[in-house]
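Numbered from 1 within each chain, the chains take letters A, B, ... in sequence-line order. Just so you know, these numbers use all the heavy atoms, side chains as well, and skip hydrogens, waters and symmetry mates.
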Number of protein chains: 2
Amino acid sequence: MSDPNDMPGHLARRFQQIAVAVFLAEVGDAGFDLTPVQYAALATIKANPGLDQVTLAGLIAYDRTTITGVIDRLVQKGLAERRASSRDRRARALEITDEGKRTLRRITPAVESAQRVMLRGLSAKEGEELMRLLRKAIAAGNELSRAPLREMQA
Amino acid sequence: MSDPNDMPGHLARRFQQIAVAVFLAEVGDAGFDLTPVQYAALATIKANPGLDQVTLAGLIAYDRTTITGVIDRLVQKGLAERRASSRDRRARALEITDEGKRTLRRITPAVESAQRVMLRGLSAKEGEELMRLLRKAIAAGNELSRAPLREMQA
DNA sequence: TACTGATAGTCAGCATACTGAGCAATATCA
DNA sequence: TGATATTGCTCAGTATGCTGACTATCAGTA
(Lines give C-alpha, C1' and ligand atoms only; values in the text may rest on other atoms or scores of the structure.)
Protein backbone atom coordinates (compact mmCIF):
# COMPACT_ATOMS: atom_id res chain seq x y z
CA MET A 1 0.00 0.00 0.00
CA SER A 2 2.76 2.43 0.75
CA ASP A 3 4.55 1.45 -2.46
CA PRO A 4 5.95 4.70 -3.81
CA ASN A 5 5.48 3.39 -7.35
CA ASP A 6 1.74 3.56 -6.93
CA MET A 7 1.53 7.11 -5.62
CA PRO A 8 0.33 9.92 -7.88
CA GLY A 9 3.52 11.86 -7.27
CA HIS A 10 5.69 9.01 -8.43
CA LEU A 11 3.53 8.40 -11.50
CA ALA A 12 3.85 12.08 -12.31
CA ARG A 13 7.60 11.92 -12.12
CA ARG A 14 7.79 8.77 -14.20
CA PHE A 15 5.48 10.04 -16.93
CA GLN A 16 7.44 13.27 -17.18
CA GLN A 17 10.68 11.29 -17.31
CA ILE A 18 9.40 9.29 -20.29
CA ALA A 19 7.95 12.39 -21.95
CA VAL A 20 11.31 14.17 -21.87
CA ALA A 21 13.18 11.12 -23.16
CA VAL A 22 10.72 10.70 -26.05
CA PHE A 23 10.92 14.39 -26.94
CA LEU A 24 14.70 14.40 -27.01
CA ALA A 25 14.79 11.19 -29.06
CA GLU A 26 12.32 12.37 -31.69
CA VAL A 27 13.82 15.83 -31.99
CA GLY A 28 17.33 14.41 -31.99
CA ASP A 29 16.48 11.94 -34.74
CA ALA A 30 15.20 14.85 -36.79
CA GLY A 31 18.61 16.46 -36.45
CA PHE A 32 17.85 19.15 -33.87
CA ASP A 33 19.30 19.86 -30.47
CA LEU A 34 16.49 21.46 -28.47
CA THR A 35 15.03 20.49 -25.10
CA PRO A 36 11.29 20.49 -24.31
CA VAL A 37 11.81 23.52 -22.12
CA GLN A 38 13.70 25.40 -24.82
CA TYR A 39 11.07 24.48 -27.40
CA ALA A 40 8.21 25.83 -25.29
CA ALA A 41 10.08 29.05 -24.59
CA LEU A 42 10.96 29.59 -28.24
CA ALA A 43 7.41 28.87 -29.45
CA THR A 44 6.03 31.30 -26.88
CA ILE A 45 8.47 34.03 -27.88
CA LYS A 46 7.42 33.59 -31.48
CA ALA A 47 3.75 33.91 -30.53
CA ASN A 48 4.40 37.01 -28.38
CA PRO A 49 7.30 38.97 -29.87
CA GLY A 50 8.89 41.55 -27.63
CA LEU A 51 7.64 40.09 -24.38
CA ASP A 52 9.78 40.30 -21.25
CA GLN A 53 11.24 37.40 -19.29
CA VAL A 54 8.80 37.43 -16.39
CA THR A 55 5.83 37.39 -18.75
CA LEU A 56 7.35 34.55 -20.74
CA ALA A 57 7.98 32.60 -17.56
CA GLY A 58 4.34 33.10 -16.52
CA LEU A 59 2.97 31.97 -19.87
CA ILE A 60 4.67 28.58 -19.62
CA ALA A 61 4.92 28.25 -15.81
CA TYR A 62 8.70 28.43 -15.50
CA ASP A 63 10.46 29.88 -12.52
CA ARG A 64 11.95 33.28 -13.23
CA THR A 65 15.37 32.05 -12.14
CA THR A 66 15.13 29.11 -14.54
CA ILE A 67 14.14 31.18 -17.56
CA THR A 68 17.43 33.11 -17.43
CA GLY A 69 19.49 30.05 -18.29
CA VAL A 70 17.01 28.80 -20.86
CA ILE A 71 17.14 32.10 -22.74
CA ASP A 72 20.92 32.16 -22.41
CA ARG A 73 21.04 28.90 -24.34
CA LEU A 74 18.52 30.00 -26.97
CA VAL A 75 20.57 33.16 -27.53
CA GLN A 76 23.78 31.19 -27.62
CA LYS A 77 22.30 28.93 -30.32
CA GLY A 78 21.25 31.97 -32.35
CA LEU A 79 17.53 31.21 -32.05
CA ALA A 80 16.48 34.20 -29.93
CA GLU A 81 17.66 37.68 -28.98
CA ARG A 82 17.55 39.73 -25.80
CA ARG A 83 17.02 43.42 -26.51
CA ALA A 84 16.54 46.39 -24.25
CA SER A 85 12.92 47.16 -23.53
CA SER A 86 11.81 50.59 -24.65
CA ARG A 87 9.27 50.91 -21.85
CA ASP A 88 11.18 49.58 -18.83
CA ARG A 89 14.91 49.73 -18.39
CA ARG A 90 14.81 46.75 -16.05
CA ALA A 91 13.19 44.48 -18.63
CA ARG A 92 14.53 42.63 -21.65
CA ALA A 93 12.43 42.39 -24.81
CA LEU A 94 12.71 38.90 -26.28
CA GLU A 95 12.65 38.30 -30.03
CA ILE A 96 12.92 35.18 -32.14
CA THR A 97 15.53 35.25 -34.90
CA ASP A 98 14.94 34.14 -38.48
CA GLU A 99 16.87 31.01 -37.72
CA GLY A 100 14.69 30.48 -34.68
CA LYS A 101 11.59 30.66 -36.86
CA ARG A 102 13.11 28.28 -39.36
CA THR A 103 14.05 25.82 -36.64
CA LEU A 104 10.60 25.98 -35.10
CA ARG A 105 8.97 25.31 -38.45
CA ARG A 106 11.14 22.34 -39.27
CA ILE A 107 11.04 20.81 -35.82
CA THR A 108 7.25 20.74 -35.53
CA PRO A 109 6.69 17.27 -37.05
CA ALA A 110 9.14 15.73 -34.58
CA VAL A 111 7.51 17.52 -31.65
CA GLU A 112 4.06 16.32 -32.68
CA SER A 113 5.34 12.83 -33.21
CA ALA A 114 6.79 12.86 -29.71
CA GLN A 115 3.40 13.73 -28.25
CA ARG A 116 1.91 10.70 -29.98
CA VAL A 117 4.69 8.37 -28.89
CA MET A 118 4.41 9.28 -25.21
CA LEU A 119 0.70 8.35 -25.34
CA ARG A 120 1.14 5.26 -27.47
CA GLY A 121 -0.11 2.91 -24.77
CA LEU A 122 -3.48 4.67 -24.72
CA SER A 123 -6.36 4.76 -27.14
CA ALA A 124 -7.20 8.15 -28.65
CA LYS A 125 -10.08 8.44 -26.22
CA GLU A 126 -7.89 7.56 -23.25
CA GLY A 127 -5.26 10.04 -24.37
CA GLU A 128 -7.86 12.78 -24.46
CA GLU A 129 -9.15 11.78 -21.04
CA LEU A 130 -5.64 11.76 -19.57
CA MET A 131 -5.05 15.27 -20.87
CA ARG A 132 -8.38 16.46 -19.54
CA LEU A 133 -7.64 15.11 -16.07
CA LEU A 134 -4.12 16.53 -16.08
CA ARG A 135 -5.43 19.94 -17.09
CA LYS A 136 -8.02 19.80 -14.32
CA ALA A 137 -5.57 18.74 -11.63
CA ILE A 138 -3.07 21.34 -12.80
CA ALA A 139 -5.66 24.13 -12.77
CA ALA A 140 -6.57 23.28 -9.18
CA GLY A 141 -2.92 23.18 -8.10
CA ASN A 142 -1.69 26.12 -10.15
CA GLU A 143 -0.89 28.34 -7.19
CA LEU A 144 0.89 25.59 -5.26
CA SER A 145 4.16 25.85 -7.13
CA ARG A 146 6.50 28.79 -7.10
CA ALA A 147 6.04 29.17 -10.85
CA PRO A 148 2.30 29.26 -11.55
CA LEU A 149 0.83 29.77 -14.99
CA ARG A 150 -0.08 33.41 -15.63
CA GLU A 151 -2.35 34.84 -18.30
CA MET A 152 -1.05 37.41 -20.74
CA GLN A 153 -1.93 40.93 -19.67
CA ALA A 154 -3.99 42.64 -22.37
CA MET B 1 -3.13 24.35 -31.83
CA SER B 2 0.60 24.35 -31.43
CA ASP B 3 0.28 25.88 -27.98
CA PRO B 4 2.89 24.10 -25.88
CA ASN B 5 0.63 24.42 -22.87
CA ASP B 6 -1.82 21.97 -24.40
CA MET B 7 0.65 19.26 -25.29
CA PRO B 8 0.86 16.09 -23.22
CA GLY B 9 4.55 16.66 -22.56
CA HIS B 10 3.94 20.08 -21.11
CA LEU B 11 1.06 18.85 -18.97
CA ALA B 12 3.35 16.11 -17.67
CA ARG B 13 6.00 18.64 -16.72
CA ARG B 14 3.49 20.92 -15.03
CA PHE B 15 1.79 18.19 -13.03
CA GLN B 16 5.15 16.90 -11.83
CA GLN B 17 6.17 20.45 -10.91
CA ILE B 18 3.08 20.84 -8.74
CA ALA B 19 3.46 17.35 -7.27
CA VAL B 20 6.99 18.11 -6.09
CA ALA B 21 6.01 21.48 -4.64
CA VAL B 22 3.10 19.92 -2.73
CA PHE B 23 5.27 17.10 -1.41
CA LEU B 24 7.96 19.47 -0.16
CA ALA B 25 5.37 21.75 1.44
CA GLU B 26 3.52 18.98 3.28
CA VAL B 27 6.67 17.23 4.41
CA GLY B 28 8.30 20.51 5.35
CA ASP B 29 5.27 21.57 7.40
CA ALA B 30 5.56 18.28 9.27
CA GLY B 31 9.12 19.24 10.19
CA PHE B 32 11.05 16.98 7.83
CA ASP B 33 13.59 17.74 5.15
CA LEU B 34 13.21 14.98 2.58
CA THR B 35 12.60 15.19 -1.17
CA PRO B 36 10.17 12.95 -3.08
CA VAL B 37 13.13 11.17 -4.63
CA GLN B 38 14.82 10.60 -1.28
CA TYR B 39 11.57 9.35 0.22
CA ALA B 40 11.02 6.77 -2.51
CA ALA B 41 14.59 5.56 -2.23
CA LEU B 42 14.43 5.26 1.56
CA ALA B 43 11.08 3.45 1.49
CA THR B 44 12.41 1.00 -1.08
CA ILE B 45 15.56 0.32 0.92
CA LYS B 46 13.42 -0.42 3.94
CA ALA B 47 11.29 -2.87 1.93
CA ASN B 48 14.38 -4.59 0.46
CA PRO B 49 17.20 -4.44 2.99
CA GLY B 50 20.67 -5.15 1.65
CA LEU B 51 19.86 -4.45 -1.97
CA ASP B 52 22.49 -2.91 -4.22
CA GLN B 53 22.32 0.46 -5.95
CA VAL B 54 21.50 -0.77 -9.43
CA THR B 55 18.62 -2.87 -8.13
CA LEU B 56 17.31 0.04 -6.10
CA ALA B 57 17.51 2.30 -9.13
CA GLY B 58 15.56 -0.23 -11.19
CA LEU B 59 12.83 -0.63 -8.58
CA ILE B 60 11.98 3.08 -8.67
CA ALA B 61 13.15 3.92 -12.21
CA TYR B 62 16.03 6.22 -11.31
CA ASP B 63 19.12 6.57 -13.40
CA ARG B 64 22.14 4.81 -11.92
CA THR B 65 24.12 8.01 -12.00
CA THR B 66 21.38 9.85 -10.12
CA ILE B 67 21.02 7.29 -7.36
CA THR B 68 24.61 7.87 -6.25
CA GLY B 69 23.91 11.41 -5.14
CA VAL B 70 20.55 10.53 -3.62
CA ILE B 71 22.13 7.85 -1.43
CA ASP B 72 24.97 10.21 -0.57
CA ARG B 73 22.41 12.57 0.93
CA LEU B 74 20.48 9.83 2.74
CA VAL B 75 23.74 8.62 4.26
CA GLN B 76 24.78 12.16 5.13
CA LYS B 77 21.47 12.63 6.96
CA GLY B 78 22.01 9.41 8.89
CA LEU B 79 18.97 7.69 7.37
CA ALA B 80 20.75 4.98 5.38
CA GLU B 81 24.07 3.16 5.22
CA ARG B 82 26.28 1.89 2.42
CA ARG B 83 28.02 -1.37 3.33
CA ALA B 84 30.23 -3.70 1.38
CA SER B 85 28.35 -6.48 -0.34
CA SER B 86 29.36 -9.97 0.73
CA ARG B 87 28.58 -11.47 -2.65
CA ASP B 88 30.03 -8.94 -5.06
CA ARG B 89 32.90 -6.67 -4.26
CA ARG B 90 31.73 -4.12 -6.84
CA ALA B 91 28.36 -3.70 -5.19
CA ARG B 92 27.21 -1.77 -2.11
CA ALA B 93 24.61 -3.26 0.18
CA LEU B 94 22.15 -0.57 1.28
CA GLU B 95 20.58 -0.58 4.72
CA ILE B 96 18.14 1.73 6.44
CA THR B 97 19.17 2.99 9.87
CA ASP B 98 16.95 3.07 12.93
CA GLU B 99 16.61 6.78 12.47
CA GLY B 100 15.67 6.17 8.87
CA LYS B 101 12.89 3.84 9.99
CA ARG B 102 11.71 6.33 12.56
CA THR B 103 11.67 9.14 10.00
CA LEU B 104 9.79 7.02 7.49
CA ARG B 105 7.17 6.14 10.06
CA ARG B 106 6.61 9.68 11.19
CA ILE B 107 6.65 11.21 7.73
CA THR B 108 3.97 8.91 6.27
CA PRO B 109 0.93 11.06 7.11
CA ALA B 110 2.48 14.06 5.39
CA VAL B 111 3.36 12.02 2.33
CA GLU B 112 -0.17 10.65 2.07
CA SER B 113 -1.62 14.09 2.59
CA ALA B 114 0.52 15.37 -0.26
CA GLN B 115 -0.89 12.74 -2.60
CA ARG B 116 -4.38 13.96 -1.77
CA VAL B 117 -3.53 17.63 -2.21
CA MET B 118 -2.01 17.15 -5.65
CA LEU B 119 -5.29 15.54 -6.80
CA ARG B 120 -7.57 17.96 -5.00
CA GLY B 121 -9.10 19.25 -8.21
CA LEU B 122 -10.38 15.81 -9.09
CA SER B 123 -13.15 13.64 -7.69
CA ALA B 124 -12.10 10.34 -6.16
CA LYS B 125 -13.20 8.59 -9.31
CA GLU B 126 -11.28 10.98 -11.53
CA GLY B 127 -8.19 10.60 -9.38
CA GLU B 128 -8.36 6.84 -9.78
CA GLU B 129 -8.83 7.20 -13.52
CA LEU B 130 -5.89 9.58 -13.82
CA MET B 131 -3.67 7.12 -12.00
CA ARG B 132 -4.90 4.25 -14.17
CA LEU B 133 -4.13 6.15 -17.37
CA LEU B 134 -0.73 7.27 -16.12
CA ARG B 135 0.15 3.69 -15.17
CA LYS B 136 -0.92 2.48 -18.60
CA ALA B 137 1.00 5.15 -20.51
CA ILE B 138 4.05 4.58 -18.33
CA ALA B 139 3.96 0.82 -18.84
CA ALA B 140 3.90 1.30 -22.61
CA GLY B 141 6.77 3.79 -22.49
CA ASN B 142 8.87 2.07 -19.85
CA GLU B 143 11.75 1.20 -22.15
CA LEU B 144 11.89 4.65 -23.73
CA SER B 145 13.79 6.33 -20.91
CA ARG B 146 17.32 5.55 -19.86
CA ALA B 147 16.06 4.53 -16.42
CA PRO B 148 13.23 2.03 -16.93
CA LEU B 149 11.46 0.30 -14.08
CA ARG B 150 12.91 -3.14 -13.36
CA GLU B 151 11.36 -5.97 -11.38
CA MET B 152 13.15 -7.41 -8.38
CA GLN B 153 15.08 -10.53 -9.28
CA ALA B 154 13.85 -13.47 -7.21
C1' DT C 1 9.82 65.50 -4.83
C1' DA C 2 11.41 62.15 -1.33
C1' DC C 3 10.11 57.80 0.61
C1' DT C 4 8.37 53.24 0.30
C1' DG C 5 7.13 49.19 -1.75
C1' DA C 6 6.96 46.35 -5.69
C1' DT C 7 9.02 44.51 -9.86
C1' DA C 8 12.70 42.65 -13.59
C1' DG C 9 16.57 40.27 -13.77
C1' DT C 10 20.64 37.91 -12.03
C1' DC C 11 23.44 35.09 -9.01
C1' DA C 12 25.02 31.41 -5.66
C1' DG C 13 23.85 27.15 -3.94
C1' DC C 14 21.47 22.78 -3.91
C1' DA C 15 18.89 18.58 -5.84
C1' DT C 16 17.29 15.91 -9.60
C1' DA C 17 18.23 13.76 -14.40
C1' DC C 18 20.79 12.80 -18.17
C1' DT C 19 25.21 11.66 -21.60
C1' DG C 20 29.31 9.60 -21.90
C1' DA C 21 33.54 7.92 -20.01
C1' DG C 22 36.19 5.23 -16.97
C1' DC C 23 37.69 1.70 -13.28
C1' DA C 24 37.30 -2.50 -10.82
C1' DA C 25 35.28 -6.78 -10.45
C1' DT C 26 32.59 -10.55 -12.26
C1' DA C 27 30.77 -13.71 -15.85
C1' DT C 28 31.13 -16.13 -20.05
C1' DC C 29 33.02 -18.88 -23.30
C1' DA C 30 36.45 -20.47 -26.72
C1' DT D 1 42.56 -20.98 -18.31
C1' DG D 2 42.74 -16.78 -20.84
C1' DA D 3 40.56 -13.40 -23.57
C1' DT D 4 36.30 -10.92 -23.88
C1' DA D 5 32.12 -9.05 -22.52
C1' DT D 6 29.33 -7.45 -18.93
C1' DT D 7 28.19 -5.32 -14.69
C1' DG D 8 28.35 -2.06 -10.35
C1' DC D 9 29.67 2.21 -9.33
C1' DT D 10 31.61 6.76 -9.86
C1' DC D 11 32.78 11.09 -12.09
C1' DA D 12 32.71 15.27 -15.22
C1' DG D 13 29.75 17.98 -17.73
C1' DT D 14 25.18 19.93 -18.96
C1' DA D 15 20.19 21.28 -18.26
C1' DT D 16 16.24 21.94 -15.58
C1' DG D 17 14.01 23.65 -11.11
C1' DC D 18 14.02 25.49 -6.76
C1' DT D 19 15.35 28.88 -2.35
C1' DG D 20 16.96 33.02 -1.04
C1' DA D 21 19.46 37.19 -1.70
C1' DC D 22 20.79 41.20 -4.28
C1' DT D 23 20.82 45.31 -7.65
C1' DA D 24 18.54 48.41 -10.58
C1' DT D 25 14.45 50.38 -11.71
C1' DC D 26 9.72 51.65 -11.49
C1' DA D 27 5.23 53.05 -9.30
C1' DG D 28 2.49 55.02 -5.84
C1' DT D 29 2.03 58.19 -2.30
C1' DA D 30 2.84 61.46 1.48
What does the B/S/- profile of nucleotides 18-28 of chain C look like, 5' to 3', with a 4.0 Å heavy-atom cutoff to protein?
BBBB--BBS--

Quick test of your reading: applying salt bridge (Lys or Arg N to Asp or Glu O under 4.0 Å), list the pairs with at least one residue in residues 64-76 of chain A, sequence neighbours left out, ordered by first then second residue.
A/D72-A/R82

Taken in chain and number order and not counting sequence neighbours, the residues that satisfy side chain to side chain contact (heavy atoms under 4.5 Å, CB included) with A/T44 are A/N48, A/L56, A/L59, A/I60, B/P4

Pairs involving residues 132-145 of chain A, ordered by first then second residue, that meet salt bridge (Lys or Arg N to Asp or Glu O under 4.0 Å) (sequence neighbours left out)
A/E129-A/R132, A/R132-B/E126, A/R135-B/D6, A/K136-B/E126, A/E143-A/R150

Would you say B/Q38 places a side-chain N or O within less than 4.0 Å of OP1 or OP2 belonging to C/dC14?
no

Mind checking what makes side chain to side chain contact (heavy atoms under 4.5 Å, CB included) contact with A/D63, not counting sequence neighbours?
A/T65, A/T66, A/R146, A/A147

Which residues pass the side-chain hydrogen bond (donor to acceptor under 3.5 Å, both in side chains) test with B/R89, sequence neighbours left out?
none

Please report, rounded to the nearest Å, how far the P atom of C/dG13 is from the CG atom of B/D33.
19 Å

Please check if any side-chain donor atom of B/S85 sits under 3.5 Å from a side-chain acceptor atom of B/D88, or the reverse.
no

Between atom CG in B/L56 and atom C1' in C/dA17, what is the gap in whole Å?
15 Å

Which residues in residues 70-84 of chain A have at least one heavy atom lying under 4.0 Å from any atom of DNA chain C?
A/R82

Assert: residue with more 5' nearest nucleotide on DNA chain D, out of B/A93 and A/T35, is B/A93

Taking only residues at least two apart or on different chains, which pairs with a member in residues 101-117 of chain A satisfy salt bridge (Lys or Arg N to Asp or Glu O under 4.0 Å)?
none

With sequence neighbours left out, the residues meeting side-chain hydrogen bond (donor to acceptor under 3.5 Å, both in side chains) with A/R13 are none

Per the salt bridge (Lys or Arg N to Asp or Glu O under 4.0 Å) rule, what does the pair list look like for residues 21-49 of chain A, sequence neighbours excluded?
A/D33-A/K77

Please list, in 5' to 3' order, the outermost nucleotides of DNA chain D lying under 4.0 Å from any heavy atom of chain A.
D/dA15 to D/dC26

Just to confirm, is there a sub-4.0 Å distance from OP1 or OP2 of C/dT10 to any side-chain nitrogen or oxygen of A/Q53?
yes

Taken in chain and number order and not counting sequence neighbours, the residues that satisfy side-chain hydrogen bond (donor to acceptor under 3.5 Å, both in side chains) with A/E81 are A/R83

Would you say the side chains of B/N5 and B/R14 form a donor-acceptor pair under 3.5 Å?
no

